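The structure appears right after this line, and notes come after that.
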Amino acid sequence: QVQLVESGGGLVQGGGSLRLSCAASGRTFSTYAMGWFRQAPGKEREFVATVSRSGGTTGYADSVKGRFTISRDNAKNTVYLQMNSLKPEDTAVYYCAARKGVTKITPSEYNYWGQGTQVTVSS
């Protein structure tokens, strides 16, 4: 069992940067693979990035590869998403998610979700 709280969203101009944080409660954070997903109005929830339990392995959607970086600090029970070179099409609610074990890219594979944080990129 884990509770997740995202922060760091906001309004930014195209080409700008934001860093999202996801703080987890619980004593077993390091046993969870973590992911970031996003959902724009009228669209399906989609995979953005994932990081393994130790932080040693990461994966990204093609649409964000080279622009976004996921990382985690198990001592702080926190996962991050550094977003650079933001585009208007990145506008969405961003969700942090957790699952026991290895990384997955399908939303239905994740057991725990945060409340989401809004990211808006102006053109």
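Quick note: numbers below take in every heavy atom, side chains included, and nothing from hydrogens, waters or symmetry partners. These numbers were taken from a predicted model, which means no experiment stands behind them. For the single chain, residues carry numbers from 1 onward in sequence order.
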Whether Arg19 side chain and Gln82 backbone form a donor-acceptor pair below 3.5 Å: no
CA sep, side-chain torsions, deciding dist, call: Val119, Leu20, side chain to side chain contact (heavy atoms under 4.5 Å, CB included): CA-CA 9 Å; Val119 172; Leu20 306 184; 4.0 Å; yes
Minimum heavy-atom distance between Val51 and Thr58, given as atom pair plus value: CG2-CG2, 3.9 Å
All salt bridge (Lys or Arg N to Asp or Glu O under 4.0 Å) counterparts of Arg67, not counting sequence neighbours: Asp90
Distance-only side-chain donor-acceptor flag, Ser17 / Asn84, under 3.5 Å: yes
Side chains of Thr50 and Lys104, donor plus acceptor under 3.5 Å: no
Qualifying ring pair (Phe, Tyr, Trp, His ring centres under 6.0 Å) pairs, either residue in residues 86-123, two or more places apart: Tyr32-Tyr112, Phe37-Tyr110, Phe37-Trp113
Least distance between heavy atoms, Ser52 atom then Arg72 atom: O-NH1, 2.9 Å
Point-to-point distance, once rounded to the nearest 0.5 Å, from OG1 of Thr117 to CG of Leu81: 11.0 Å
Aromatic Phe47 / basic Arg38 pairing, under 6.0 angstrom, 45° off normal: no
Please tabulate, one pair per line, all N/O donor-acceptor pairs under 3.5 Å involving side-chain atoms of residues 6-14, not counting sequence neighbours.
| residue | atom | partner | partner atom | Å |
| --- | --- | --- | --- | --- |
| Glu6 | OE1 | Gln115 | N | 2.9 |
| Glu6 | OE1 | Gln115 | NE2 | 3.3 |
| Glu6 | OE1 | Gly116 | N | 2.9 |
| Glu6 | OE2 | Cys96 | N | 2.7 |
| Glu6 | OE2 | Gly116 | N | 3.3 |

Pairwise side-chain contact, Thr31 with Phe29, heavy-atom cut-off 4.5 Å (strictly under): no
Check: Val48 and Tyr60 side chains under 4.5 Å, non-hydrogen atoms: no
Any Thr69 side-chain heavy atom under 4.5 Å of Met83 side chain: no
Whether Thr91 side chain and Val121 backbone form a donor-acceptor pair below 3.5 Å: yes
Lys76 atom NZ, over 12 foreign heavy atoms within 6.0 Å: no
Ile70 and Phe68: CA distance, side-chain angles, deciding distance, side chain to side chain contact (heavy atoms under 4.5 Å, CB included) verdict: CA-CA 7 Å; Ile70 188 171; Phe68 291 10; over 6 Å; no
Test item: Thr106 side-chain N/O and Ser108 main-chain N/O as donor-acceptor pair under 3.5 Å: no
Sub-4.5 Å side-chain heavy-atom contact between Val5 and Gln3: no
Spatial distance of atom CD (Glu89) from atom NZ (Lys43) [nearest 0.5 Å]: 9.0 Å
Evaluation steps, side chain to side chain contact (heavy atoms under 4.5 Å, CB included), between Val2 and Leu4: CA-CA 7 Å; Val2 62; Leu4 307 173; 3.9 Å; yes
Over all atoms of both residues, closest heavy-atom pair of Ser30 and Arg53: O-CB, 3.2 Å
Exercise: identify the closest heavy-atom pair between Ala92 and Ala40: CB-N, 3.9 Å
